[in-house]
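What you see is a predicted model, and the numbers here were worked out from it, not measured in a lab. Order of the sequence lines fixes the chain letters, A, B, ..., with proteins taken first and strands second; residue numbering starts at 1 for each chain.
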2 protein chains.
Amino acid sequence: MASSIHDLARHLNISIGTVSRALNGRADVNAETRQRVLEAARKLNYSPNQSGRSLRKGATHSIAFMLQPHPGDQQYGEPFFIPFLIGLQARLAEHDLDLMVVMGEPGQYQQERLRRVVETRRADAVVLANTRREDDRIDYLSKAGFPFATLGRSQSGGDTYPSLDIDFERAGDEAVDRLVARGHRRIAAIRPSLDLNFGYLFLDGYRKALKRHGLEVDPGLIADGFINETGGYQVTPRVMLSRDRPTAIIFNNDAMALGGCKALAEMGIRPGHDIAVIVIVDTPLCRYFSPALTAFRPSLEPMGRRLAEMLLASLPAFAGPEGTRIIREVWPLELVARESD
Amino acid sequence: MASSIHDLARHLNISIGTVSRALNGRADVNAETRQRVLEAARKLNYSPNQSGRSLRKGATHSIAFMLQPHPGDQQYGEPFFIPFLIGLQARLAEHDLDLMVVMGEPGQYQQERLRRVVETRRADAVVLANTRREDDRIDYLSKAGFPFATLGRSQSGGDTYPSLDIDFERAGDEAVDRLVARGHRRIAAIRPSLDLNFGYLFLDGYRKALKRHGLEVDPGLIADGFINETGGYQVTPRVMLSRDRPTAIIFNNDAMALGGCKALAEMGIRPGHDIAVIVIVDTPLCRYFSPALTAFRPSLEPMGRRLAEMLLASLPAFAGPEGTRIIREVWPLELVARESD
DNA sequence: CGTTTTTCCGTAAACGTTTACGAGAACACA
DNA sequence: TGTGTTCTCGTAAACGTTTACGGAAAAACG
């Protein structure tokens, strides 16, 4: 059932070299011969053995996406990544590249899985997500000279790799702007406690906007929690119990917002009535929650496509005539005004 | 930087054959020699080239999980799979098997991606999810003689492959039981409209329980919708507008439940007060929704581990001395009683 | 001491590709 | 006719492993 290039050669009574050249569209093969090869390939249901090809070419024709679940009580996934991956894989497929998603274990340090991919050469490049402010995966890959791109910025590694990020800073800024315009003065910010870079970026924008409006930055209104529903649930009461209650909360994550709203509900505080709520990254949850949550929406699928292009442009094997380029982009979010603010 | 087995051999002044044998723990190599090889491997930072190994052994040492996003307006993922994948990958890792997640595009038929994996021999086996009642992926893999296992049952392919499923039938049954015990007589069921097998199983249990309680099965109380929030939102009003309103709804999917609750809210109907709601597959959303949704919870991570074991037991290369076994299991769900019913 | 067994290791082929090299045939040109 | 060019293809090496085979040396045994 597994027909090889040798089978084709034997069947057509020509050499394997010619078969290979015909299949790969090289110029030095007779048009008629190529036709016969292609036809035989179809008839014998030939498809190239990836291992053989990889071995010879030193390339695997696949890109690894490192999906690291956050440690936590319940290990549910971030819906965020799926549309991104769809875009990523779609663009990669156009270049005959496979996308493989490599999972780590929640507690376990992702470094080990990454090493494995790199050292056994399972992929030609990797895509990192959940970038930390200081990210040793980036340090490792840079030092190893292994090609990679990141979804999200980091302070590690300089400007030596392609990266695509959402403009969390601006989103934090705009969220404050909007709330201030609606009369709010005490605005809380709730973000993940890990070293995740976007949490810092969001807070930068939040602070900047407050200052611009001449409002003080009250540390009692800023809280870090675990990046899931439980985290939001646990940490939201903390800001609500500060001496001077906030009248608005900006959540940096949809899961945290859900947990936070639960905590609010238990305190008898109704989002959209008693308090304004804005979420930075929109998901279907925000849309279908009651009240529907005002949120900032990214274009995930186009971002996936774009990061694929950026990664490819940085790979010598795929870079066009203009050579290898490192591109870094930061994309805006779109505000979706709903009922919660 | 990429040190091969040849480098080790040269460095130690022995043959590559011996190096390979030492590395693979074969018996016919001197203990001291093995020590030296292992040491050199560590020093030269050797790790085997996967392509070379795969080519020689005819095995890739990786298992593919096919993740097919449902077509829909917004392509968000099912959080369901992440904990399952964590368990799956954990057990596979113990056998030095990598897990790769292969994405398809939403609209596109997954068959094509699957073919690619199989024909180019990118994985040694595949794991299928979202099994349809009649599933041509299963037919294809069976016919191709390619090893696979499924998360979820199907009517295709007979009992020739390992499969692990949740007992949706019993969950549907128990949900009705519980609602009837609480005085409900008109109970609606909302499930996905695709050919997804669990939708049928759920409905079987639902019908069976109704009949046992001497209640008629009213087609007006059963609705199929798209398997996401929008689907639930669109289809829930339909059962609410039937001549004789239901007093309870069982949702076969958490996303549909969210959409459905939104529709209820817009009709001024409060889950937990005006209507009872039960969800078949629990997620953090159910727990943190207001009111918290009563739901049936699966043990996803253990299920992932188990399916890995079942798949391995069916692979000649990994089956123990007892030989190759096909195992099929159906696991119960645990009822988590909360506020919505 | 001779014979047999065991221990250890080197040799070389094989997995399925791609590709550098060279050669034969056909063709063009003077 | 001789020389150079172009077209087409076969040969063989190479990628990094694993492993069947055989042989040399050491050990065991009579």
Side-chain angles (χ1 to χ4, degrees), chain A residues 1-38 40-41 44-62 96 98 116 118-124 317, chain B residues 1-38 40-41 44-62 96 98 116 118-124 317:
Chain A
M1 54 159 301
S3 78
S4 79
I5 215 171
H6 289 92
D7 299 327
L8 294 191
R10 205 171 323 118
H11 183 254
L12 293 171
N13 216 25
I14 59 180
S15 78
I16 59 162
T18 303
V19 174
S20 176
R21 279 189 298 262
L23 256 23
N24 290 344
R26 305 195 90 82
D28 57 347
V29 46
N30 191 317
E32 189 223 0
T33 311
R34 161 167 300 126
Q35 269 314 312
R36 289 175 49 222
V37 170
L38 259 32
L44 299 191
N45 194 24
Y46 168 81
S47 62
N49 179 301
Q50 201 53 239
S51 305
R53 175 184 292 209
S54 299
L55 179 56
R56 170 63 216 229
K57 308 244 308 183
T60 65
H61 286 265
S62 73
D96 248 301
D98 282 330
R116 209 181 140 75
V118 170
E119 290 179 356
T120 65
R121 276 150 228 106
R122 277 202 158 272
D124 298 338
Chain B
M1 52 160 303
S3 79
S4 78
I5 214 172
H6 289 91
D7 299 328
L8 293 190
R10 207 174 320 121
H11 182 253
L12 293 171
N13 215 27
I14 58 180
S15 79
I16 59 163
T18 304
V19 174
S20 177
R21 278 188 298 263
L23 257 22
N24 289 344
R26 305 197 91 80
D28 58 346
V29 45
N30 190 318
E32 189 223 0
T33 311
R34 164 167 298 128
Q35 269 314 313
R36 289 174 49 222
V37 170
L38 258 31
L44 298 192
N45 194 26
Y46 168 81
S47 62
N49 179 300
Q50 201 54 239
S51 305
R53 175 183 293 210
S54 299
L55 179 56
R56 170 62 218 231
K57 308 244 306 183
T60 63
H61 286 263
S62 72
D96 248 301
D98 283 329
R116 209 182 140 75
V118 170
E119 291 180 355
T120 65
R121 277 148 226 107
R122 279 202 157 272
D124 297 339

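When every heavy atom of B:K57 is checked against every heavy atom of B:H61, the shortest pair comes out as CE-NE2, 4.2 Å. Nearest heavy-atom pair, A:L44 versus A:S3, reported as atom, atom and distance to 0.1 Å: O-OG, 3.2 Å.
In this structure B:R36 satisfies the side-chain hydrogen bond (donor to acceptor under 3.5 Å, both in side chains) test with no other residue, sequence neighbours excluded. B:S47 meets the side-chain hydrogen bond (donor to acceptor under 3.5 Å, both in side chains) test with no other residue; sequence neighbours excluded. By the side chain to side chain contact (heavy atoms under 4.5 Å, CB included) test, A:I16 pairs with A:I5, A:H6, A:A9, sequence neighbours left out. For B:N49, there are no side-chain hydrogen bond (donor to acceptor under 3.5 Å, both in side chains) partners two or more places apart in sequence or in a different chain. The side-chain hydrogen bond (donor to acceptor under 3.5 Å, both in side chains) search around A:S62 returns A:T60, not counting sequence neighbours.
One distance of note links CD of B:Q50 with OG of A:S54; it measures 10.5 Å at 0.5 Å rounding. Note that OG of B:S15 and CZ of B:R21 are 6.0 Å apart. Values are rounded to the nearest 0.5 Å. Rounding to the nearest 0.5 Å gives a distance of 6.5 Å between CG of B:L23 and CG of B:L8. The distance from the OG1 atom of A:T18 to the CG atom of A:N13 is 11.5 Å, given to the nearest 0.5 Å.
For the helix from C:dC1-D:dG30 to C:dA30-D:dT1, the axis fitted to the five pairs at one end and the axis fitted to the five pairs at the other end meet at an angle of 50° (nearest 10 degrees).
Residue pairs meeting the salt bridge (charged side-chain N to carboxylate O under 4.0 Å, His left out) criterion with at least one partner in residues 2-11 of chain A, sequence neighbours excluded, are A:D7-A:R10.
DNA chain D lies under 4.0 Å from at least one heavy atom of each of the following residues of residues 11-19 of chain B: B:I16, B:G17. Contacts between residues 46-54 of chain A and DNA chain C, counted as heavy-atom distances below 4.0 Å, involve A:Y46, A:S47, A:P48, A:N49, A:G52, A:R53. Residues from residues 26-38 of chain B placing a heavy atom under 4.0 Å of any atom in DNA chain C, listed by number, are B:D28, B:V29, B:N30, B:T33.
Among the atoms of the strands shown, only primed sugar atoms or phosphate atoms (P, OP1, OP2) are found under 4.0 Å from some heavy atom of B:S4.
Nucleotides of DNA chain D lying under 4.0 Å from heavy atoms of chain A occupy a range whose first and last members, 5' to 3', are D:dT8 to D:dG16.
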Exercise. Verify side chain to side chain contact (heavy atoms under 4.5 Å, CB included) between A:R116 and B:D96, making sure each step is shown before the conclusion.
Key: CA-CA 11 Å; A:R116 209 181 140 75; B:D96 248 301; 3.2 Å; yes
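Between A:K57 and B:R56, the one whose closest nucleotide on DNA chain C sits nearer the 5' end is B:R56.
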Show which side-chain atoms of residues 24-34 of chain B pair as donor or acceptor with protein atoms under 3.5 Å away, not counting sequence neighbours.
from, atom 1, to, atom 2, distance (Å)
B:N30, OD1, B:E32, N, 2.8
B:R34, NE, B:A22, O, 3.4
B:R34, NH2, B:R26, O, 2.3

